[in-house]
Amino acid sequence: MKYLLPALALGLAGMMTSISANAQDNTVHHQAWSIAIHGGAGTMDRDKMTPQQQADYRAALQVALDAGSAVLRDGGTAMEAVQAAIVIMEDDPKFNAGRGAVFTWEGDNELDAAVMDGRNRSAGAVTGVKSVRHPILLADAVMKDGRHVFLSGAGAEEFAAEHGLETAPPEWFATQPRRDSLERLKAQKLTAFDVDHKYGTVGAVALDMHGNVAAGTSTGGLTGKRWGRIGDAPIIGAGTYADNRSCAVSATGAGEYFIRAGVAHEICTRMRLAKEDPQTAADRVMAEVKELGGDGGVIVVTPAGDAVFSFNTQGMYRGRATSEGVNEVAIFPGD
Ligand code: ASP
């Protein structure tokens, strides 16, 4: 009897699972999930990256992709998956977000991040944060709090302290290669792009089994940025956007152009109103960015499960996975 009851309970639970699975047969499309991630776009030359460097980036992208995929496969939300992938890349010094962020002109690491939930278009964003280990989680806390969408600098830090976000000292974020880039930029009077040859912002977009999309982006911005410069990443509609009626987008590139073109929102709007497919919408908006003089790339996921990339740079660190068995990471075009 002692063993029979749990067995009966298990049997019943099994039956209930299959009943609810049957009951959902007419909404099969909601069982699909997909995720796309990026770790920046730019001048990635096969000949200039050693095989080891290429393997390291691919492995790092795969770890982040796997973390996000696992959340979705287990029935978690798109927002949870996006954050699971991004926190890993924020801790990885290879990417320009969290640890390994680029330096400002003054020699600090100032971090920007944003999240957006496609269910109800709630969003949270932060800029100019210096001591929060995971800016993406701070953006999430701003969204959950709900009173404001976008917090900056000292106020954002104060909010982080009140909400118990994990902090890290300046040494955590600062890495020598990024410091060297700042020195080179100053000594040779280079632009951020000339000195780095690539953008290392990280982002993720996802569709969960419940049919909801979400987007997140995290960055250190551009090397040598000054005067409290804010890029596109934390600006809702520029570098980050999500709307269940169309898609979820995260961008990387020359932020000023992405702000001017309203890239992420524009892609969603083209899909929603002009009924463009995600690849066409993303390609057309990236062409606009190019026309203005900017470069970079985007990742897009739709409620139908598409996961697409579009970039007008030589390469983009990227990856995608779906419930249909797609699981790939890539750096160069045609990878
Ligand atoms: N988009 C970022 C910015 O302009 C830079 C990047 O993509 O790495 O701040």
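What you are looking at is a predicted structure, and each value in this text was computed from that prediction instead of being measured. Values below: every heavy atom of this structure, side chains too, minus hydrogens, waters and symmetry copies. One-based numbering, in listed order, for ligands and for the atoms of each. The residues of the chain are indexed from 1 along the displayed sequence.
- Here the side chains of Leu137 and Val87 are in contact, with some heavy-atom distance below 4.5 Å.
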Side-chain donor-acceptor distances from residues 286-301 under 3.5 Å, at least two apart:
residue, atom, partner, partner atom, Å
Glu288, OE2, Arg270, NH2, 3.4
Asp295, OD1, Tyr199, OH, 2.8

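- Contacts of ligand 1 (protein heavy-atom distance under 4.0 Å) are Asn96, Tyr199, Gly200, Thr201, Gly221, Leu222, Arg229, Gly231, Asp232, Thr252, Gly253, Gly255.
- To the nearest 0.5 Å, the span separating CG on Asn96 from OG1 on Thr223 amounts to 7.0 Å.
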Considering only distance and modelled atom types, tabulate donor-acceptor pairs under 3.5 Å from the side chains of residues 259-266, sequence neighbours left out.
residue, atom, partner, partner atom, Å
His265, ND1, Thr269, OG1, 3.3

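- No more than 12 heavy atoms of other residues, nucleotides or ligands lie within 6.0 Å of NZ in Lys130, so this atom counts as exposed by the packing criterion.
- Pairs passing the salt bridge (Lys or Arg N to Asp or Glu O under 4.0 Å) check and including a residue from residues 163-179, sequence neighbours excluded, read Arg133-Glu166.
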